[in-house]
Amino acid sequence: MQVTPLVWIITIAVTIAFFVYEFFAHVRKPHEPTIGESARWSAFYIGLALLFGVGIGVVSGWTYGGEYFAGYLTEKALSIDNLFVFLLVMSAFAVPKAYQQKVLMIGIIIALILRGAFIAVGATLIENLSWIFYLFGALLLFLAWRQAFSNHESDPANGRFMRFARRHLPVTDEYHEDRLITRIDGKRFVTPMFLTIIAIGFIDLIFAVDSIPAIYGLTSEAYIVFTANAFALMGLRQLFFLIGGLLERLVYLSQGLAVILAFIGVKLVFHALHVNELPFINGGHPVEWVPEIPIWFSLLFIGATITAATIASLAKTRGSRADAASDKKEVHS
């Protein structure tokens, strides 16, 4: 896939322009978005992402188009899981609804910057060190195990990192509108809003470790990695307000993501064996009998896993709600 420096510059400039527009059109004035506003913009960004994928398929071939769609689906699913943790953070810090847009916007921008840095590092490692695929594969298998048994129940506001920040920073007890820093009696204080942003940024760093090796297991093209990540993050703010209640019902999302990460981890190990240069594995020669997992199968597997996790989650929570409603009715009767 040939991507000229001009295409890179235009892509990055357009991405920045979208986020600048988002800030001045929607985030600058604190307010809680309506369901209609969130639905329209979510549909717009998802449609734009799909249209871009079709463009890649038409211009560069459907192998690359398939890699983009598989990467976009994976990154979108990981981003939704990221949203769940954002929800926990904002609940722990009691961020007022009107200011949550600003927190999300800053968090998403931090995520894009961190992922951009990880993408550049990943591309350099892949180009110069073929054995890095073994490392990425092992990392994803470990992250899959951790994801499968994570319950998102820790309190981000009282973690070790936040306790350290509170000990070393003068923090106010209350929010001062959406300001990060305020002045009281001539002395500067950071607000809970500032601590929330720090927590979100720290979480973004952790999620970038999951995200970038995962998509490099689906494509080696840095341009596809970047655009899939950018489109997955675009519209995430609106999606948060659109499916805020639904997030708590996706009880099997972590398990579904664990399956996807494990699958990509195995795919990476298989690819590492195909390009093997380590002298203690097969004498430093490629292991050709190991199957290569085609991108069409990866796309189908990822889509099916996300669908199954969503359906199972909604069925589980619907049953739990029905049982709770039945118990409540019996108590009243």
Side-chain angles (χ1 to χ4, degrees), residues 1 15 41-58 60-85 108 111-112 115 118-119 122 136-137 140-141 143-144 147-148 207-240 242-243 246-247 250 252-268 271 293-314:
M1 185 179 185
T15 302
W41 282 102
S42 293
F44 170 76
Y45 281 117
I46 291 172
L48 195 64
L50 297 178
L51 187 63
F52 185 83
V54 171
I56 286 183
V58 171
S60 300
W62 285 104
T63 297
Y64 293 120
E67 290 178 1
Y68 167 82
F69 281 117
Y72 173 72
L73 273 178
T74 301
E75 295 303 320
K76 198 68 174 177
L78 286 168
S79 296
I80 291 173
D81 193 47
N82 205 349
L83 276 186
F84 187 88
V85 182
I108 290 167
L112 186 60
R115 292 185 191 192
F118 275 60
I119 288 166
F136 280 0
L140 283 181
L141 290 171
L143 293 173
Q147 182 77 28
F207 270 88
V209 175
D210 292 19
S211 171
I212 301 309
I215 193 169
Y216 268 122
L218 300 167
T219 179
S220 60
E221 296 292 333
Y223 185 76
I224 292 177
V225 174
F226 176 79
T227 52
N229 269 277
F231 277 114
L233 291 172
M234 285 181 185
L236 201 60
R237 176 180 60 81
Q238 293 89 343
L239 196 62
F240 176 85
L242 183 62
I243 65 171
L246 183 62
L247 281 173
L250 297 177
Y252 292 129
L253 179 61
S254 289
Q255 285 74 20
L257 287 173
V259 171
I260 292 172
L261 291 175
F263 168 77
I264 299 174
V266 171
K267 188 176 187 296
L268 272 170
H271 180 71
I293 300 174
I295 195 62
W296 64 264
F297 182 82
S298 299
L299 184 57
L300 286 176
F301 183 89
I302 292 166
T305 303
I306 293 172
T307 302
T310 302
I311 292 173
S313 295
L314 296 179

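Keep in mind that the numbers below use all heavy atoms, side chains included, and drop hydrogens, waters and symmetry copies. Remember, it's a predicted structure, so these values are computed and weren't measured experimentally.
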**Message:** Would the distance check show the side chain of T227 and the main-chain N or O of I224 forming a donor-acceptor pair, the cut-off being under 3.5 Å?
**Reply:** yes
**Message:** Within the 4.5 Å heavy-atom criterion, are K76 and L239 side-chain neighbours or not?
**Reply:** yes
**Request:** Measure across A309 and G256 and return the closest heavy-atom pair with its distance rounded to 0.1 Å.
**Result:** CB-CA, 4.1 Å
**Message:** With side chain to side chain contact (heavy atoms under 4.5 Å, CB included) as the criterion, how do F69 and V54 come out once you've worked through the C-alpha distance, each side chain's angles and the decisive distance to 0.1 Å?
**Reply:** CA-CA 9 Å; F69 281 117; V54 171; 4.3 Å; yes
**Prompt:** Does some side-chain heavy atom of F226 sit less than 4.5 Å from a side-chain heavy atom of T15?
**Reply:** yes
**Asked** What's the spacing between I260 CD1 and L140 CG if we round to 0.5 Å?
**Response** 11.5 Å
**Asked** side chain to side chain contact (heavy atoms under 4.5 Å, CB included) between T305 and F263: does it pass, once the steps are laid out?
**Response** CA-CA 10 Å; T305 303; F263 168 77; over 6 Å; no
**Exercise: identify the closest heavy-atom pair between A214 and L78** = CB-CD1, 4.4 Å
**Check against side chain to side chain contact (heavy atoms under 4.5 Å, CB included), I46 and L50** = CA-CA 6 Å; I46 291 172; L50 297 178; 4.2 Å; yes
**Message:** Using modelled atom types and a 3.5 Å cut-off, is there a donor and acceptor pairing between side-chain atoms of Y216 and backbone atoms of I119?
**Reply:** yes
**Prompt:** With a 6.0 Å cut-off on ring centres, are Y72 and F231 close enough?
**Reply:** no
**Message:** Looking at every heavy atom in both S79 and R115, which two are closest together, and how far apart are they?
**Reply:** OG-NH1, 3.9 Å
**Fill in**
To the nearest 0.5 Å, atom CD1 of I212 lies from atom CD1 of I215 at 7.0 Å
**Request:** Could you tell me which non-hydrogen atom of L218 sits nearest to which non-hydrogen atom of S298, and how far apart they are?
**Result:** CD2-CB, 3.9 Å
**Partner residues of E67 under the salt bridge (charged side-chain N to carboxylate O under 4.0 Å, His left out) criterion, sequence neighbours left out** = none
**Request:** Please report the shortest heavy-atom distance between I295 and A70, naming the atom on each side.
**Result:** CD1-CB, 4.1 Å
**Message:** Looking at every non-hydrogen atom in both residues, tell me the closest pair between A228 and G71 and how far apart they are.
**Reply:** CB-C, 4.0 Å
**Expected output: side-chain S313 to main-chain Y252 donor-acceptor under 3.5 Å** = yes
**Asked** Looking at CE of M234 and OG of S42, how far apart are the two atoms once the value is rounded to the nearest 0.5 Å?
**Response** 13.5 Å
**Asked** If you round to the nearest 0.5 Å, how far is CD of E221 from OG of S60?
**Response** 8.5 Å
**Prompt:** Checking side chain to side chain contact (heavy atoms under 4.5 Å, CB included) for the pair T74/L257: CA distance, chi angles, key distance, verdict?
**Reply:** CA-CA 8 Å; T74 301; L257 287 173; over 6 Å; no
**Asked** Measuring from E75:CD to Y68:OH, what's the distance to the nearest 0.5 Å?
**Response** 11.0 Å
**Asked** Just wondering, do L48 and F52 contact through their side chains at under 4.5 Å, heavy atoms?
**Response** no
**Request:** Could you tell me the separation between the CG atom of L236 and the CG atom of L112, rounded to the nearest 0.5 Å?
**Result:** 11.5 Å
